[in-house]
*Asks:* 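Can you keep this structure in mind? I'll have questions shortly.
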Amino acid sequence: MPELPEVETVKRQLEKRIVGKRISSIKILSKKQFLGNFQKTIGQQIDRLWRRAKILAINVGRLTLLVHLKMTGQIIYLSKNRKPISVGHPLPFSPNQLPNKTTRVIIELEDGSRLFFNDLRKFGWIKLLDGDKIEKELSGLGPEPLEKDFSLDYFSKKLANTRRMIKIVLMDQAVVAGIGNIYASEILFEAGINPARQANSLSNREVANLYRAIKKILLQAIDYGGTSAADQAYIRPDASPGRYQNKLRVYQREGKECFGCFGKVKRIKQANRSTFFCSSCQQ
DNA sequence: CGGAGTGTTAGTCG
DNA sequence: CCGACTAACACTCC
């Protein structure tokens with residue numbers, strides 16, 4: 001789930017609570033998932049949070065913590081009075097039961113609040129990097145879809161250049177950064193384009209529609225605080241991981257009625273991943 | 001019980 | 001360049 005809108009939500013929620021605070025300790029429970037010497041961060045102040053693609057970045061003095069939640073990562077903020085905010089994979093948790101068995105890293109701040117990095121499947125990671133190492137880490141990523149350098153001109157050239165299926169291209173982080181399996185399906189439905197179409201077969205008009213759909217869907221999803229896994233009705237009062245799952249129009253709606261016609265939503269496999277679409281609304 | 005499927009991505013091979 | 005496949009891992013569902 002943690003695609004661009006989810007990570008952006010994590011960033012916005014977290015920065016309000018942790019910027020300006022110093023790190024007092026880091027506990028690493030899963031060694032493979034933390035790269036770098038964590039001791040360099042002790043006593044350092046958190047200056048700024050930012051996001052690049054699906055990666056959350058936390059500036060700590062001269063260093064930066066990069067966090068990738070991959071499939072099942074989750075970040076939970078627990079203040080001293082135990083009010084949690086969490087975004088990421090919505091595994092149920094009780095603030096009274098943290099750390100839990102999926103907790104991989106615990107970052108403790110000077111005011112007694114804590115960040116829990118939970119990750120069921122252990123694909124996610126935290127990397128402590130400085131200077132050009134950061135640039136190197138992020139160098140393979142294409143433009144941010146909501147920033148200026150992602151222009152219609154750039155996008156059409158990229159699409160014209162490849163015969164790959166359009167859904168695969170949308171998820172290619174080197175073409176445009178931050179779109180994953182959920183939003184790729186949603187964006188293509190919004191644009192009325194069949195996910196199996198070859199990218200270079202799209203007309204100018206279709207490319208323009210797709211370009212608009214990318215921005216529209218991502219902005220909308222951020223507005224809703226991202227998507228909790230569609231098959232898990234996990235909503236917390238003050239730790240709400242997002243409400244966009246109620247807005248999904250095709251993702252995980254196989255066999256259900258299309259919102260655009262009387263047909264049914266279909267599911268196919270592309271590159272071994274599920275794609276959801278309406279074969280009549282998306283040509 | 002076994003096997004498939006799950007939000008990601010890096011890598012290899014042909 | 002590109003598609004197919006695999007590997008990281010843990011758990012649920014059928």
Side-chain angles (χ1 to χ4, degrees), chain A residues 1-10 29-35 51-56 66-75 86-93 100-105 117-127 136-142 157-187 195-201 217-218 221-222 224-234 241-242 244-245 247-248 250-255 267-276:
Chain A
M1 175 193 41
E3 301 180 29
L4 187 153
E6 288 74 32
V7 181
E8 179 64 24
T9 303
V10 178
L29 310 179
S30 170
K31 264 197 159 166
K32 285 180 69 176
Q33 293 183 263
F34 192 104
L35 269 87
R51 179 193 58 75
R52 179 77 171 96
K54 304 172 189 175
I55 295 172
L56 173 71
L66 295 184
V67 184
H68 201 312
L69 300 171
K70 289 287 181 94
M71 307 265 282
T72 56
Q74 175 184 54
I75 293 179
S86 88
V87 193
H89 191 67
L91 279 183
F93 69 93
N100 62 31
K101 65 177 177 180
T102 70
T103 300
R104 311 304 179 195
V105 178
F117 174 64
N118 294 344
D119 184 16
L120 174 66
R121 288 177 70 181
K122 295 185 170 177
F123 290 172
W125 43 252
I126 300 179
K127 296 181 184 178
K136 202 174 165 194
E137 182 72 33
L138 305 176
S139 65
L141 295 169
K157 280 179 180 142
K158 280 289 179 185
L159 297 193
N161 245 329
T162 180
R163 301 156 55 182
R164 297 148 80 199
M165 292 183 285
I166 186 60
K167 192 236 188 182
I168 307 295
V169 179
L170 277 185
M171 296 204 311
D172 184 341
Q173 303 299 298
V175 172
V176 52
I179 299 171
N181 206 35
I182 296 177
Y183 295 110
S185 281
E186 293 298 314
I187 287 165
R197 287 273 300 281
Q198 289 187 335
N200 65 353
S201 78
I217 296 291
L218 293 179
I222 291 172
Y224 277 75
T227 303
S228 293
D231 55 352
Q232 301 184 46
Y234 173 63
Y244 199 73
Q245 61 272 22
K247 301 284 288 183
L248 296 174
V250 283
Y251 183 76
Q252 289 208 342
R253 292 193 65 250
E254 182 186 14
R267 164 150 84 155
I268 56 171
K269 285 271 177 193
Q270 294 180 282
N272 253 331
R273 318 227 16 223
S274 288
T275 302
F276 300 85

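Order of the sequence lines fixes the chain letters, A, B, ..., with proteins taken first and strands second; residue numbering starts at 1 for each chain. Just so it is clear, the values below take in all heavy atoms, side chains as well, and ignore hydrogens, waters and symmetry mates.
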*Asks:* I need the CG-P distance between A:Leu56 and B:dT8, as an integer number of Å.
*Replies:*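 Computing the A:Leu56:CG to B:dT8:P distance gives 16 Å.
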*Asks:* Calculate the interatomic distance between A:Lys269 atom NZ and C:dA4 atom C1'; express it in whole Å.
*Replies:*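 Interatomic distance, NZ of A:Lys269 to C1' of C:dA4: 15 Å.
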*Asks:* Do A:Arg121 and B:dT6 share a donor-acceptor pair, side chain to base, under 3.5 Å?
*Replies:*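 Counting by modelled atom types and ignoring angles, a donor-acceptor contact under 3.5 Å is found here.
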*Asks:* Is the phosphate of B:dT8, meaning OP1 or OP2, less than 4.0 Å from a side-chain N or O of A:His68?
*Replies:*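 No, A:His68 has no side-chain N/O under 4.0 Å of OP1/OP2 on B:dT8.
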*Asks:* With a 3.5 angstrom cut-off on both distances, give the Watson-Crick or G-U wobble partner of B:dG7, or none if there isn't one.
*Replies:*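 Pair assignment: B:dG7 / none.
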*Asks:* Looking only at atom P, what distance separates B:dT9 and C:dT12, rounded to whole Å?
*Replies:*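 Approximately 24 Å lies between the P atom of B:dT9 and that of C:dT12.
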*Asks:* Output yes when at least one side-chain N/O atom of A:Thr72 is less than 4.0 Å from OP1 or OP2 of B:dT6, else no.
*Replies:*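 False: A:Thr72 side-chain N/O out of range (4.0 Å or more) of B:dT6 OP1/OP2.
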*Asks:* Using a strict threshold of under 4.0 Å (side-chain N to carboxylate O), is an ion pair present between A:Lys158 and A:Asp172?
*Replies:*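 Salt bridge between A:Asp172 and A:Lys158, a charged N being under 4.0 Å from a carboxylate O: no.
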*Asks:* A:Tyr251 and ring-ring contact (aromatic ring centres under 6.0 Å, His included): which single residue from A:Tyr244, A:Tyr183, A:Phe276 fits?
*Replies:*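 Passing option: A:Phe276.
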*Asks:* Rounding to a whole Å, what distance do you find between A:Arg163:CZ and C:dA4:P?
*Replies:*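 It is 13 Å, rounded to the nearest whole Å.
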*Asks:* Please measure how far the P atom in C:dT6 lies from the corresponding atom in B:dG3, and state the result in whole Å.
*Replies:*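 About 15 Å, rounded to a whole number of Å.
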*Asks:* Using the P atom in both, what is the distance from B:dA4 to C:dC5, to the nearest Å?
*Replies:*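 Between the two P atoms, the distance is 14 Å.
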*Asks:* Check for a donor-acceptor pair, side chain of A:Glu3 on one end and backbone N or O of A:Lys54 on the other, with a separation under 3.5 Å.
*Replies:*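 It does not hold such a pair.
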*Asks:* Verify the contact: side-chain N or O of A:Gln173 to OP1 or OP2 of B:dT8, cut-off strictly under 4.0 Å; return yes or no.
*Replies:*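 The answer is no; no side-chain N or O of A:Gln173 sits under 4.0 Å from OP1 or OP2.
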*Asks:* Between B:dT9, B:dG7, B:dG5, which one does the side chain of A:Lys54 approach most closely?
*Replies:*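 Among the listed nucleotides, the one closest to the side chain of A:Lys54 is B:dT9.
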*Asks:* Taking the side chain of A:Glu3 as heavy atoms from C-beta outward, which of C:dA10, B:dG7, B:dT9 is closest to it?
*Replies:*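 Looking only at heavy atoms from C-beta outward on A:Glu3, the closest nucleotide is B:dG7.
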*Asks:* From C-beta outward on A:Ser274, which listed nucleotide comes closest to its side chain: B:dT6, B:dT9, C:dA8?
*Replies:*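 Within the option list, the nearest is B:dT6.
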*Asks:* I'd like to know if the side chain of A:Arg267 and the backbone of A:Glu254 have a donor-acceptor N/O pair within less than 3.5 Å.
*Replies:*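 Not confirmed, A:Arg267 side chain does not pair with A:Glu254 backbone.
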*Asks:* With respect to the side chain of A:Arg267, which nucleotide from B:dT8, B:dG5, C:dC2 is positioned closest?
*Replies:*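 Among the listed nucleotides, the one closest to the side chain of A:Arg267 is B:dG5.
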*Asks:* Could you check whether any side-chain N or O of A:Arg51 sits under 3.5 Å from a backbone N or O of A:Ala53, counting only pairs where one atom can act as donor and the other as acceptor?
*Replies:*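 Judged by distance alone, yes, a pair lies under 3.5 Å.
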*Asks:* For nucleotides C:dC11 and B:dA10, find the distance between their C1' atoms and express it as a whole number of Å.
*Replies:*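 It works out to 23 Å between them.
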*Asks:* Any sub-3.5 Å donor-acceptor pair from A:Arg52's side-chain atoms to A:Leu141's backbone N or O?
*Replies:*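 Between the backbone of A:Leu141 and the side chain of A:Arg52 there is a qualifying donor-acceptor contact (under 3.5 Å).
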*Asks:* Think A:Lys122 has a side-chain N or O under 4.0 angstrom from the OP1 or OP2 of C:dA10?
*Replies:*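 Result: yes.
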*Asks:* For C:dC9, take OP1 and OP2 only and decide whether either is under 4.0 Å from a side-chain N or O of A:Lys32.
*Replies:*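 For C:dC9, OP1 or OP2 has a side-chain N or O of A:Lys32 closer than 4.0 Å.
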*Asks:* For A:Met165 and C:dC1, what is the distance between atoms CE and C1' respectively, to the nearest whole Å?
*Replies:*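 Going from A:Met165 (CE) to C:dC1 (C1'), I get 15 Å.
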*Asks:* Within this structure, what is the CG-to-C1' distance between A:Leu138 and B:dT9, rounded to whole angstrom?
*Replies:*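 Distance, rounded to whole Å: 14 Å.
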*Asks:* Any side-chain N or O of A:Tyr251 below 4.0 angstrom from OP1/OP2 of B:dG7?
*Replies:*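 Checking A:Tyr251 against B:dG7: at least one side-chain N or O falls below 4.0 Å of OP1 or OP2.
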*Asks:* As a test of reading the structure: which of B:dT9, B:dG7, C:dT6 is closest to the side chain of A:Asn272, going by heavy atoms?
*Replies:*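 Of the candidates, C:dT6 comes closest.
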*Asks:* Heavy atoms from C-beta onward define the side chain here; which of B:dG7, C:dA10, C:dC2 lies closest to that of A:Asn181?
*Replies:*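 Closest nucleotide to the A:Asn181 side chain: B:dG7.
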*Asks:* Report the nucleotide, chosen from B:dG5, B:dT8, C:dG3, that has the shortest atom-to-atom distance to any side-chain atom of A:Arg273.
*Replies:*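 Given the options B:dG5, B:dT8, C:dG3, the side chain of A:Arg273 is closest to B:dT8.
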